Amino acid sequence: MGCGNQCHSSVIGPLFALVDCNNFYVSCERVFNPKLHRRPVVVLSNNDGCVVARSEEVKALGIPMGIPYFRVRELLEDHQAAVLSSNYTLYADMSDRVMQTLATFTPSLEIYSIDEAFLSLQGLSGASSDVGRRIRRTVLQWTGIPVSVGIAPTKTLAKIANHWAKNHADLEGVFDLSRTECLPSILEQIDVEKVWGIGRRLSEKLRPLGIRTALHLAQADAGWIQKRFSVSAARTVLELRGQVCFRLEESPEANQNIMVSRSFGQPVRTLEHLQEAVSSYLSRAAEKLRQQKLCAQILTVFARNSPFGSAPFCAPSASFIFETATQSTLEMMKAAQTLLPRVYRPNVAFHKAGVLLSGLVPADKVQPNLFDNLPVRRRDSRLMQVLDRLNAAKKQVFFASEGIRQPWRTIFRCKSPAFTTRWSDLPIVS
């Protein structure tokens, strides 16, 4: 059961809300296919391998997250469950819509993940729980996505409040933990592993010390926790007591690297197909690099076979260091071609490959090399701008090295249409 009375503090001092989309991938699919409502639904990972999203009906069947699909196929069929492939384009666009809706409530917004965001409620009028209900109602009305809202004086407590809201139907998706008398009874029922920032490894070290719940952690000596573990763990202790240590990160930190990797739809045994896959992944990675106005100093290409097969595990990689940091797909493609012969193994059936761009620097702070061919660099820059504009809505232009048939391409057997990003896939009302 939930805490007997919801807290109704006015939004004056620091107060955070964590808004979390419920069963996000499943909810996105249900927005455009009402027949999926109240029906068991699972969404599968790349190549339809594992369960990565579950409706409440599927959770009630005892099917855990991450389980291989083949192990639960019969159970899902017995309960007439809908089985869908991941539609990342749809999920990313729906996430943007949710975040844009949340931004109408406050300019102080931290997008924490594709389906979560922290908001500062400071300065908003009305009782905090009323604000939470208004957020929930608006997101559902504008996007069709149901959310849970946890409200508290710190981000760590807001995480706990959100967890409580999700697991207690009587709270109708909103829980305000800003009143201190609510805290002890709630924290006592939260396993220390479930506290934001603690996790399984640290909780295994805390339990032998008698710290088994969030309440035990809140009552621990912060100085001792810092000496024994870390500054971050000590700050978590203070956050559980209502002291703000983690503030909103409204400007996300620049990436330290960019990686694109995929599992193949079928094993790759030839150098030609490995080259195609790496070229395709590199094209996407370079596009991300330019979107963030960054350049890369180092390119790493890697591949691996399946760790579960009978053959010895093999995971070769090779790196190339550019004399001048670059964001040109052309320049990276040339470098990748020199690396692939060092990665390819003729007798290995590769299961996965990818590229990693590291040594990232802002594009406007790149130091040119004395021997740089500046006309060629400027030409490549203009070409990449045109390429990105053409591919902004849908990929229309690609490099020949990416291949045409692409037999290695990741399999999505049950993928729903791109309802929000492709004209031909717009839902039809009859």
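Since this is a predicted model, take the numbers as computed values, not measurements.
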Checklist entry - Looking at N162, N22, D20, which hits side-chain hydrogen bond (donor to acceptor under 3.5 Å, both in side chains) with S148? => result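 Of all the options given, the one that passes is N22.
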Can you see whether [X] engages [Y] through a side-chain donor-acceptor pair at a distance of less than 3.5 angstrom?
{"X": "S55", "Y": "E57", "result": "yes"}
{"X": "W408", "Y": "E276", "result": "yes"}
{"X": "N23", "Y": "K59", "result": "yes"}
{"X": "E29", "Y": "S416", "result": "yes"}

Checklist entry - Taking the six-membered ring where the residue is Trp, are the ring centres of F118 and W196 under 6.0 Å apart? => result yes
Item to check | Y25 and Y91 aromatic centres sub-6.0 Å | outcome: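 Y25 vs Y91: aromatic centres under 6.0 Å.
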Checklist entry - Where do V31 and M94 land on the side chain to side chain contact (heavy atoms under 4.5 Å, CB included) test, with the steps shown first? => result CA-CA 10 Å; V31 169; M94 292 301 290; 4.2 Å; yes
Checklist entry - Hey, are E116 and K159 close enough for a salt bridge, meaning a charged N less than 4.0 Å from a carboxylate O? => result yes
Next on the checklist: Salt bridge check, E239 against R235: does any charged N sit closer than 4.0 Å to a carboxylate O?
Outcome noted: no
Item to check | Derivation and outcome, salt bridge (charged side-chain N to carboxylate O under 4.0 Å, His left out), residues R212 and D191 | outcome: CA-CA 6 Å; R212 297 181 297 277; D191 190 289; over 6 Å; no
Checklist entry - Under the side-chain contact (heavy atoms from CB on, under 4.5 Å) test, which residues partner Q337, sequence neighbours left out? => result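 Result, side-chain contact (heavy atoms from CB on, under 4.5 Å) vs Q337: Q275, S279, L340.
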Checklist entry - Checking salt bridge (charged side-chain N to carboxylate O under 4.0 Å, His left out) for the pair R247/E110: CA distance, chi angles, key distance, verdict? => result CA-CA 9 Å; R247 301 191 179 276; E110 176 190 339; over 6 Å; no
Item to check | Heavy-atom donor-acceptor pair, T338 side chain to A335 backbone, under 3.5 Å | outcome: yes
Item to check | Gap between atom OG1 of T154 and atom CZ of F16 - 0.5 Å precision | outcome: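 F16 CZ to T154 OG1: 7.5 Å, rounded to 0.5 Å.
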